[in-house]
A.B. asks: 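This is the structure I have questions about; it appears just below.
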Amino acid sequence: MSATGTRTDPVAAGNANTANTAVAAVTAVTGVTAVLEPPLRERLRVEHLQGRIVVIKFGGNAMVDEDLKRTFAQDVVDLRRAGLLPVVVHGGGPQISALLGRLGLEVRFEAGLRVTTPEVMDVVRMVLTGRVQRELVGLVNAHGPYAVGMSGEDAHTMTAVRRTAWVDGEPVDIGLVGDIVDVNADTVRALLAQGRIPVVSPVARGADGQVYNINADLAAAALAVALDAEKLVMLTDVEGLYADWPHSTEVIGRMTAEEVEKLLPELASGMLPKMEGCLRAVRAGVRSAHVLDGRVPHSVLRGVVSGDVPGTTVVPDLEERTA
């Protein structure tokens with residue numbers, strides 16, 4: 001609170017010259033000392049990103065490793081305290097597959113997308129909104145009253161249509177899997193304006209009333225576009241997009257949208273939706289998209305601020321030609 005009783009958002013400290021100033025602003029507002037590790041404090045020189053939206057897809061090993069989950073939550077809070085506006089879209093593949101196995105239900109993927117029967121959809125919805133989201137909200141809120149959980153169903157935030165997978169040039173029915181056709185980002189923007197960190201489960205309703213399972217990578221991309229985000233960040237279990245996997249472990253550090261589009265038909269199923277999401281995002285106005293190695297501690301903070309995390313960056317074609 002200020003002396004007049006008005007609540008001040010850290011973003012209002014837009015004239016901050018370093019992250020130390022932004023952190024000091026948060027301390028003054030909340031009465032809680034916001035402390036960053038000294039090496040990170042020195043790196044958080046993010047004046048050019050203050051007030052900008054960053055959509056982060058949380059998935060991979062970071063979702064099942066307890067230490068990585070905690071550092072992810074810390075990273076997201078540190079970004080918010082430094083004046084950025086993070087939005088989290090989470091997956092839940094390992095947890096969904098584990099519960100399906102215990103229930104004796106089939107676990108099957110086609111073209112990187114989970115085949116979703118009505119029975120599987122019930123499990124997906126329960127795990128994503130009832131378990132994974134709640135745990136992540138709790139981890140973030142251990143640092144203060146920041147995170148608010150929601151799903152794509154809430155306030156008609158995401159509207160989907162049924163999607164067909166393509167395998168070897170042939171259509172494959174994958175059940176209740178959807179593709180986002182419309183995003184109403186008003187609720188997310190309202191939460192950001194209140195100083196919150198939205199944590200979004202990738203479940204959406206169609207115009208027909210059917211609820212669909214949405215790939216988290218593609219949901220994050222659609223939300224990033226609707227929010228006019230500065231960056232889209234996706235965490236994965238590898239160092240990035242390999243140039244010639246499995247014959248080489250060389251990672252492609254930077255690609256244009258056109259280069260990604262040409263490569264999509266050759267990608268392995270796990271990387272396909274990530275790169276498709278990156279392509280959709282930068283083609284629709286997101287300034288850059290990053291696939292980062294989520295096994296690296298503080299990969300989100302380091303990737304957003306300094307770029308010193310293994311990964312692949314996708315940029316619009318025009319930016320590459322004029323760089």
Side-chain angles (χ1 to χ4, degrees), residues 1-2 4-14 16 22 25-26 28-30 32 34 46 49-58 72-73 75-90 125 128-130 132-160 178 180-207 211-212 214 216 218-233 281 284-287 300 304:
M1 291 287 181
S2 69
T4 61
T6 302
R7 187 174 182 87
T8 306
D9 190 276
V11 177
V26 175
V29 170
T30 63
V32 178
V46 291
L49 291 175
Q50 289 195 351
R52 302 294 181 89
I53 295 173
V54 178
V55 176
I56 306 161
K57 186 266 179 164
F58 178 58
F72 173 84
D75 282 1
V76 171
V77 171
D78 285 345
L79 288 175
R80 185 66 188 83
R81 287 173 172 172
L84 285 74
L85 305 177
V87 176
V88 177
V89 177
H90 68 84
R125 204 177 186 188
L128 291 180
T129 63
V132 177
Q133 181 202 97
R134 304 321 307 164
E135 181 181 17
L136 184 53
V137 166
L139 288 169
V140 172
N141 285 343
H143 303 280
Y146 291 104
V148 175
M150 59 179 292
S151 83
E153 292 182 76
D154 296 332
H156 292 177
T157 297
M158 295 180 180
T159 302
I180 301 298
V181 293
D182 184 65
V183 178
N184 181 344
D186 289 350
T187 300
V188 177
R189 289 188 183 278
L191 290 171
L192 292 174
Q194 296 167 13
R196 309 304 180 191
I197 299 173
V199 177
V200 185
S201 301
V203 178
R205 190 174 294 273
V211 177
Y212 291 99
I214 310 298
L218 300 178
L223 191 54
V225 170
L227 291 169
D228 191 28
E230 181 72 19
K231 293 176 180 285
L232 169 64
V233 175
V286 176
R287 262 61 79 189
V300 170
V304 170

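Scope of the values below: all heavy atoms of this structure, side chains included, with no hydrogens, waters or symmetry mates.
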A.B. asks: Taking all atoms of both residues into account, what is the closest heavy-atom pair of Leu227 and Ala185, and its distance?
C.D. replies: CD2-CB, 3.6 Å
A.B. asks: Going from CE on Met150 to CE on Met158, what distance comes out if it is rounded to the nearest 0.5 angstrom?
C.D. replies: 7.5 Å
A.B. asks: Mind running salt bridge (charged side-chain N to carboxylate O under 4.0 Å, His left out) on Asp228 and Arg287 for me, showing each step along the way?
C.D. replies: CA-CA 9 Å; Asp228 191 28; Arg287 262 61 79 189; 2.9 Å; yes
A.B. asks: Closest heavy-atom contact between Leu232 and Val286?
C.D. replies: N-CG1, 3.9 Å
A.B. asks: Return the CG to CZ distance between Leu139 and Phe72, rounded to the nearest 0.5 Å.
C.D. replies: 10.0 Å
A.B. asks: Just jot down the salt bridge (Lys or Arg N to Asp or Glu O under 4.0 Å) partners of Asp186, sequence neighbours excluded, or say none.
C.D. replies: none
A.B. asks: List the atom of Val300, the atom of Asp75, and the distance in Å for their closest heavy-atom pair.
C.D. replies: N-OD2, 3.5 Å
A.B. asks: Find out whether Ile53 and Arg189 are in side-chain contact, i.e. whether some heavy atom of one side chain is under 4.5 Å from a heavy atom of the other.
C.D. replies: yes
A.B. asks: Is there a side chain to side chain contact (heavy atoms under 4.5 Å, CB included) between Leu218 and Ile180 once you walk through the steps?
C.D. replies: CA-CA 8 Å; Leu218 300 178; Ile180 301 298; over 6 Å; no
A.B. asks: Could you walk me through whether Val183 and Val225 satisfy the side chain to side chain contact (heavy atoms under 4.5 Å, CB included) test, starting with their C-alpha distance in whole Å, then the side-chain angles of each, then the deciding distance to 0.1 Å, before giving a yes or no?
C.D. replies: CA-CA 9 Å; Val183 178; Val225 170; over 6 Å; no
A.B. asks: With sequence neighbours left out, which residue pairs that include part of residues 148-157 fulfil the side chain to side chain donor-acceptor pair (under 3.5 Å) condition?
C.D. replies: Arg125-Glu153, Glu153-Arg205
A.B. asks: How close do Leu128 and His90 get, counting heavy atoms only, and between which atoms?
C.D. replies: O-CE1, 3.3 Å
A.B. asks: Whether the side chain of Gln133 engages the backbone of Val200 through a donor-acceptor N/O pair (distance < 3.5 Å, no angle test) should be reported.
C.D. replies: no
A.B. asks: Could you measure the distance from the CZ atom of Arg52 to the CG atom of Leu85? Nearest 0.5 Å is fine.
C.D. replies: 10.5 Å
A.B. asks: Would you say Arg196's side chain and Val188's backbone share a donor-acceptor pair under 3.5 angstrom?
C.D. replies: no
A.B. asks: Please assess Val132 against Phe58 for the test side chain to side chain contact (heavy atoms under 4.5 Å, CB included), listing each intermediate value before the final yes or no.
C.D. replies: CA-CA 11 Å; Val132 177; Phe58 178 58; 5.6 Å; no
A.B. asks: Taking all non-hydrogen atoms of both residues into account, name the closest pair between Ala147 and Asn141 and its distance.
C.D. replies: N-OD1, 2.6 Å
A.B. asks: Can you give me the closest heavy-atom contact between Leu79 and Pro86, atom names plus distance?
C.D. replies: CB-CG, 4.5 Å
A.B. asks: Step by step, work out the side chain to side chain contact (heavy atoms under 4.5 Å, CB included) result for Lys231 and Leu49.
C.D. replies: CA-CA 10 Å; Lys231 293 176 180 285; Leu49 291 175; 4.2 Å; yes
A.B. asks: Please identify each residue that fulfils salt bridge (Lys or Arg N to Asp or Glu O under 4.0 Å) with Glu135, with sequence neighbours left out.
C.D. replies: Lys69
A.B. asks: With Val76, which of Val54, Ile56, Leu136, Leu84 fulfils side chain to side chain contact (heavy atoms under 4.5 Å, CB included)?
C.D. replies: Ile56
